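What follows is a short report on a single structure.
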Amino acid sequence: MSDSKLTDLEAVALIAELAEEIRKHDIAYHQKDAPVISDAEYDALRRRYEGLLKLYPHLVPHDNNPEVLVGAPAANSFAKVKHKIPMLSLSNAFNAEDLEEFSKRLRTFLQLEENDAIAFVAEPKIDGLSCSLRYEEGVLVSASTRGDGNTGENITENARTIKSVPAELHKNNSFKIPSVLEVRGEIYIEKADFLSMNETRKHNGEQPFANPRNAAAGSVRQLDITVTASRPLKFFAYTLGEAEGIELSSQEELRAALVSYGFEINEPSRLCSSEKELIEYYNYIGDIRYNLPFDIDGVVYKANDFALQRRLGFVSRSPRWAIAYKFAPEQAITKINDIIIQVGRTGALTPVADLEPVNIGGVIVKRATLHNESEIIRKDIRIGDIVHVQRAGDVIPQVVSVDKGKRKSKGKKFVFPDVCPVCGSPAVRREGIVVRRCSGGFSCPAQAVERIRYFTGRKAFNIEGLGDSTAKELWEAGILKSPADIFRLKEHKEELLKRDGWGKKSVENLLDAIDTARTVSLERFIFSLGIPQVGTATALLLAKHYVSYGAFEKAVNSILEDTKHKDIEESAAFKELCSVDQIGVAIAKDIIEFYSQKHNVRIIEELLSLVDVKEYQNTKSDIDSVITGKTIVFTGTLSSMGRNEAKSIAQSLGAVVASSVSSKTDFLIAGEDAGSKAQKAKELGVAVLTDEEWQKIVNGVF
């Protein structure tokens with residue numbers, strides 16, 4: 001079935017499935033430096049995901065959304081570094097039409113005429129490890145990886161061993177030394193050095209690296225810095241993070257400043273002033289890419305004027321003023337030896353093709369996701385088929401098509417199992433849903449262990465010592481059957497002490513960590529439950545709205561009671577839940593569906609008797625403006641700027657931008673033809689600001 005013909009239920013399930021798969025590969029790539037699929041396949045996953053969001057904009061998830069999340073959490077091996085200015089990713093273009101659409105979006109956002117040119121600096125897109133170098137009074141004081149965009153790993157001593165990372169900024173007459181300068185760029189290994197290094201590793205009986213990017217990332221993350229120092233690492237600089245004491249007006253000027261301070265920059269670059277020039281540069285780099293000394297996977301375009309960059313701002317995980325145009329994915333032909341079914345935390349059965357190993361662009365590909373049952377039927381994929389496999393980037397491969405002309409016989413169609421391959425419970429596919437799920441719940445090892453791991457994870461109860469292997473061991477021993485059992489582990493202390501590999505200290509540390517975790521914030525508690533589509537951001541929105549778990553539970557129970565007598569969407573409590581900023585009908589229905597399951601309610605009741613869930617506490621923002629922490633709604637036409645730009649500015653000033661007026665709205669910004677929202681604001685006593693008053697806020701007059 002075509003993605004455009006899915007029902008909303010099918011689309012929600014597929015969006016959630018793709019999001020989970022993308023996040024899994026983000027962690028493999030960014031945190032573990034061990035991608036299991038190619039870049040091309042990864043990009044194909046993202047393209048399909050982005051396509052679904054465009055087809056079904058009302059179903060966009062607000063948690064575990066790859067469009068919002070960046071990179072992966074920092075690894076535990078290194079100390080954490082909080083980025084004062086987030087290190088974001090870039091949105092991608094995959095063809096000339098995508099690039100043209102990007103240019104049009106900027107023009108619309110800035111309300112420019114068609115003949116008003118936007119100049120872009122075009123650069124090769126280096127395939128390495130993102131790094132931020134912090135200089136104070138010209139001296140290198142710290143270095144960190146991107147991590148999840150907000151928190152990275154401290155790799156200062158490792159970075160000091162890289163010859164192209166200046167220990168001190170070069171002094172010159174062109175640019176003065178700033179008091180603070182965060183220089184961001186890419187750590188990489190040149191192709192010739194990579195080949196030489198792998199030859200040495202083979203000679204020494206060591207496993208060769210898969211590609212230069214993995215080699216660079218693995219080299220930087222060495223706990224022994226002498227190993228890092230022995231590797232041929234280099235650094236390209238291309239942007240800034242925090243900067244104090246320096247005034248720059250353009251990307252071109254920034255590049256000149258970086259060179260003057262002693263950094264290498266990615267060349268060859270070009271200033272482009274039209275869409276034609278953007279395409280010409282892309283084709284030029286494509287022609288010479290294999291002659292460049294380093295690996296690239298596309299080109300990057302950035303609006304040259306910093307004033308325009310500030311106006312354009314950011315969306316989710318990326319700057320609005322920049323885009324990466326990726327090279328076309330590489331393909332190969334191979335054979336499907338088997339189709340394996342994997343079972344995830346939510347019970348979803350995911351088919352994976354076990355391939356005859358094939359080299360695609362320097363990466364040996366052994367497996368490719370087949371997404372779901374419907375995809376196998378749509379592409380008519382069978383075991384033994386000769387298939388075209390595509391790398392979409394350097395991460396996850398996908399089966400593009402079957403070469404049916406090489407099918408030796410009719411072949412046997414793959415029959416998707418109707419029982420879970422792990423626990424044998426029925427695997428049910430509800431009407432309108434593309435995903436088949438195991439009905440075993442916590443009785444299924446694949447789900448139970450994953451759900452316990454999810455519950456104890458960093459963003460939930462954050463219990464140190466209860467990792468994958470420990471959770472699996474205790475589940476198999478019958479000690480942990482549900483999350484509530486975690487808080488009863490003290491009753492099993494003597495049994496734990498008798499287990500192999502469990503010393504007195506490790507047992508005490510685990511029990512202490514569990515006791516510490518008994519007090520949890522409301523947003524973490526809601527997130528820990530594993531409600532479909534409710535990740536960290538949505539849990540936080542719910543916590544902000546309801547403040548206490550009791551109020552949230554009361555609202556849910558009210559909706560469940562209402563549905564006994566009328567349609568759910570007629571429930572006042574359901575309408576209130578849907579009115580929470582960014583929640584919407586689809587997420588609200590998933591929440592109610594979760595609470596309609598008696599076993600979920602039973603586990604929550606057990607948990608509440610064992611833990612203390614604190615009311616939501618609003619934290620003070622670093623941003624200080626008259627609208628910081630306020631909820632704002634825009635209506636009508638603003639004469640001073642477009643609606644999207646206004647929303648972006650409001651968010652940058654610390655406000656929450658909502659789509660509808662409610663009793664929780666602080667300000668309504670009303671332009672021309674304000675309509676019903678202005679009337680509702682008047683009825684609720686919400687302060688209404690004119691376009692002129694909004695401009696005063698933007699300019700800092702208020």
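What's counted below: heavy atoms across the whole structure, side chains too, no hydrogens, waters or symmetry copies. Keep in mind that this is a model prediction, so the values were computed, not measured.
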Going by the rule side chain to side chain donor-acceptor pair (under 3.5 Å), which residues pair with D567 if we only count those two or more places apart in sequence or in a different chain? none

For the pair E693 and K696, find out whether any cationic side-chain nitrogen is under 4.0 Å from an anionic carboxylate oxygen. no

Apply salt bridge (charged side-chain N to carboxylate O under 4.0 Å, His left out) to E683 and K680, showing your working. CA-CA 5 Å; E683 293 171 359; K680 186 172 183 180; over 6 Å; no

Ignoring hydrogens, what is the shortest heavy-atom contact between Y49 and A19? Give both atom names and the distance. CE1-CB, 3.8 Å

Between E182 and H83, does the side-chain hydrogen bond (donor to acceptor under 3.5 Å, both in side chains) criterion hold? Intermediate values first, please. CA-CA 10 Å; E182 278 189 18; H83 302 306; 5.5 Å; no

Minimum heavy-atom distance between L684 and S662, given as atom pair plus value: CD1-C, 3.6 Å

Using side-chain heavy atoms (C-beta onward) and a distance below 4.5 Å, is D666 in contact with V686? no

Determine, stepwise, if the pair L510 / L489 fulfils side-chain contact (heavy atoms from CB on, under 4.5 Å). CA-CA 9 Å; L510 175 58; L489 268 182; 4.3 Å; yes

Among pairs that include at least one residue of residues 546-563, which meet salt bridge (charged side-chain N to carboxylate O under 4.0 Å, His left out), considering only residues two or more places apart or in two chains? E561-K564

Over all atoms of both residues, closest heavy-atom pair of L480 and W475: O-CD1, 3.0 Å

Would a line drawn from the ring center of F455 to the ring center of F525 be shorter than 6.0 Å? no

K598 NZ: over 12 foreign heavy atoms closer than 6.0 Å: no

Does any part of the side chain of V611, heavy atoms only, come nearer than 4.5 Å to the side chain of F461, both counted from C-beta? yes

Return the set of residues passing side-chain contact (heavy atoms from CB on, under 4.5 Å) with D515 (not counting sequence neighbours), or none when no residue passes. K490, R518

Could you tell me which residues satisfy side chain to side chain donor-acceptor pair (under 3.5 Å) with K472, sequence neighbours excluded, listed by chain and number? none

Under the side-chain contact (heavy atoms from CB on, under 4.5 Å) test, residues paired with A513 that sit two or more places apart: I463

Not counting sequence neighbours, which residues clear ring-ring contact (aromatic ring centres under 6.0 Å, His included) with F574? List them please. none

Heavy-atom side-chain proximity of N372 to E375 below 4.5 angstrom: yes

Against F552, only a single residue in N557, V613, I591, L522 fulfils side chain to side chain contact (heavy atoms under 4.5 Å, CB included); can you say which? I591

Charged N-O contact under 4.0 Å between E606 and R488: yes

Residue list, ring-ring contact (aromatic ring centres under 6.0 Å, His included) with F667, at least two apart or on another chain: none

side-chain contact (heavy atoms from CB on, under 4.5 Å) with D590: which residues, sequence neighbours excluded? V12, P532, Q533

Would you call N462 and R524 a side-chain contact if the rule is heavy atoms closer than 4.5 Å? yes

side-chain hydrogen bond (donor to acceptor under 3.5 Å, both in side chains) assessment of T145 paired with E153: CA-CA 5 Å; T145 63; E153 301 142 325; 2.7 Å; yes

Check this for me: does any side-chain nitrogen of one of K459 and E523 sit under 4.0 Å from a carboxylate oxygen of the other? no

W694 vs F634 aromatic rings, parallel, tilted or perpendicular, using cut-offs 30° and 60°? perpendicular

State, yes or no, whether a side-chain contact exists between V534 and L529 at a heavy-atom distance under 4.5 Å. no

Set of residues satisfying salt bridge (Lys or Arg N to Asp or Glu O under 4.0 Å) with respect to K84, sequence neighbours excluded: none

When you look at L474 and D485, which way does the side-chain contact (heavy atoms from CB on, under 4.5 Å) test go after all the steps? CA-CA 10 Å; L474 296 182; D485 290 334; over 6 Å; no

Quick check: do Q695 and M641 have side-chain heavy atoms less than 4.5 Å from each other? yes

Residues in side chain to side chain donor-acceptor pair (under 3.5 Å) with Q342, at least two apart? none

Do you know which two heavy atoms are closest between I531 and I526, and how far apart they sit? CD1-O, 4.5 Å

What one should report as the nearest heavy-atom pair of L349 and C438 is CD1-N, 3.6 Å

With sequence neighbours left out, what residues match E373 under side-chain contact (heavy atoms from CB on, under 4.5 Å)? I377, F416, R429, R436

Side-chain contact test, heavy atoms from C-beta onward, threshold under 4.5 Å: evaluate it for I632 versus I669 and give yes or no. yes

Return the minimal non-hydrogen interatomic distance between A588 and C578, and the atom names on each side. CB-SG, 3.7 Å

Examine distances only and state if a side-chain atom of N600 and a backbone atom of Y595 form a donor-acceptor pair shorter than 3.5 Å. no

Centroid separation under 6.0 Å, is that true for the rings of F527 and Y454? yes

Ignoring hydrogens and geometry, is there a side-chain-to-backbone donor-acceptor pair from T665 to V661 under 3.5 Å? no

So, using side chain to side chain donor-acceptor pair (under 3.5 Å) as the criterion, who are the partners of Y546 when residues are at least two apart? none

A side-chain contact here means heavy atoms from C-beta on lying under 4.5 Å apart; do T519 and K614 qualify? yes

